[in-house]
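As structure tokens, the structure follows; a few thoughts come after it.
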Amino acid sequence: MNPFIDNQTLVPGIMEAVRDQILRGELPVGQRLRQAALAQSLRVSPVPLREALRGLESEGLITFLPFKGAIVTPVTIQEVVETQELTMALELALVPLTLPRLSRDDFRLLRALSEELDQGNRGPETVIEFYRVLFQPAGRPQMLRIIESMIWRTVRFFPIMQSIRSKFREATPTRGEMIQAFEAGDVEEAKQVLHAFHQVRVDALVAAMGVQLQRPGPPDRQPRSSRAGWSGDHHNPIQRLAP
């Protein structure tokens, strides 16, 4: 078999598997990746793994350091802000397209999903489902896929979000108030409430990160895996590639 073709087939699956582990906090931020052990756990050879890591480097999830190899890129305030800005630009662009097309059944489902999320024990899958119901009527599937990928990226922020969860509960506007604004049918009002809903939360997250950055501590000390805070079974996408 041509090794080039084999690697081209394997690399996307390896990227997905490693990306999933990074987003769920299973690969510690800032620590050197043991590539031999990682390749063994994924049941692949080191060559396609390294290609996959280079691909994840272009996404900003992996950093290659001289003489140290690859590490999981630490979460930065810039990443939080940029993720928020991109997500918000897309969502605001979709508001006038989706608002006239949302049905009573859509709003009924949005309220049910909002109640589940307010309980605090639901994962990114539920968040994605909420925004899928909200924006799918706009008929812009590519934009929606980008929003969903940004939501998955915020899983990296989860350990910090946990530390300020009480502030999120007290923040206004609430998700319920955002739904009411959409249901009222005023595009500009819906935009304003949607923007405020996200902005107050990202401001709290950035403020918490600023405090944590000033707090002394061991450089390799990392929060425990965020899996415990999110629902949904973990899957290893590379398993389908294994013999």
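Counting begins at 1 with the first residue of the sequence.
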Shared hydrophobic cluster for Met150 and Leu144 (ILVMFWY, side-chain gaps under 4.5 Å): yes

Straight-line distance of Leu194 CG to Phe182 CZ, nearest 0.5 Å: 5.0 Å

Residue pair Val127, Leu117: steps toward the side chain to side chain contact (heavy atoms under 4.5 Å, CB included) verdict: CA-CA 7 Å; Val127 178; Leu117 290 169; 3.7 Å; yes

pair Glu79-Thr76: side-chain heavy atoms closer than 4.5 Å: yes

Spatial distance of atom CG (Leu99) from atom NZ (Lys191) [nearest 0.5 Å]: 10.5 Å

Heavy-atom closest contact (Leu49 atom, Gln35 atom, distance): CD2-O, 3.2 Å

Euclidean distance, Ser103 OG relative to Arg108 CZ, rounded to 0.5 Å: 8.0 Å

Arg19/Glu16 ion pair, N-O < 4.0 Å: no

Nearest non-hydrogen partners of Gly176 and Ser114, listed with the distance: N-OG, 4.0 Å

Carboxylate-amine/guanidinium proximity below 4.0 Å for Arg54 and Glu51: no

CA sep, side-chain torsions, deciding dist, call: Glu148, Arg145, salt bridge (Lys or Arg N to Asp or Glu O under 4.0 Å): CA-CA 5 Å; Glu148 291 176 4; Arg145 279 195 292 271; over 6 Å; no

Donor on one side chain, acceptor on other, Glu91 and His198, under 3.5 Å: yes

same_hphob_cluster(Val200, Phe130) at 4.5 Å side-chain heavy-atom cutoff: no

Any Thr154 side-chain heavy atom under 4.5 Å of Pro124 side chain: no

Closest approach of Thr98 to Ala138 (non-hydrogen atoms, all atoms of both residues): OG1-N, 3.7 Å

Atom pair OH (Tyr131) and CG (Leu90), whose distance is rounded to the nearest 0.5 Å: 13.0 Å

Taking every non-hydrogen atom, the tightest pair across Pro173 and Val193: CG-O, 3.7 Å

Rounded distance (nearest 0.5 Å) linking atom CG of Leu61 with atom CD1 of Ile22: 5.0 Å

Qualifying residues under ring pair (Phe, Tyr, Trp, His ring centres under 6.0 Å), relative to Phe197, sequence neighbours excluded: none

Phe135 side, atom CZ; Leu102 side, atom CG - distance, nearest 0.5 Å: 9.0 Å

Nearest heavy-atom neighbours spanning Met143 and Ala93: CE-CB, 4.0 Å

Pro100 versus Pro96, closest heavy-atom pair with distance: CD-O, 3.3 Å

Side-chain heavy-atom pair Pro28, Val72 within 4.5 angstrom cut-off: no

Side chain to side chain contact (heavy atoms under 4.5 Å, CB included) between Phe157 and Thr83, worked out: CA-CA 11 Å; Phe157 315 152; Thr83 300; 4.1 Å; yes

Any pair counted as side chain to side chain donor-acceptor pair (under 3.5 Å), so long as it reaches residues 172-187, sequence neighbours left out: Arg111-Glu183, Asp118-Arg175

Side chain to side chain, Gln84 and Arg201, heavy atoms closer than 4.5 Å: no

Test side chain to side chain contact (heavy atoms under 4.5 Å, CB included) applied to Gln21 and Leu38, step by step: CA-CA 11 Å; Gln21 291 186 37; Leu38 184 57; 4.2 Å; yes

Heavy atoms of other groups near Gln40 CD, more than 12 under 6.0 Å: no

Check: Leu97 and Arg140 side chains under 4.5 Å, non-hydrogen atoms: yes

Leu33 and Ile71, any side-chain heavy atoms less than 4.5 Å apart: no

CA sep, side-chain torsions, deciding dist, call: Val29, Thr73, side chain to side chain contact (heavy atoms under 4.5 Å, CB included): CA-CA 6 Å; Val29 171; Thr73 306; over 6 Å; no

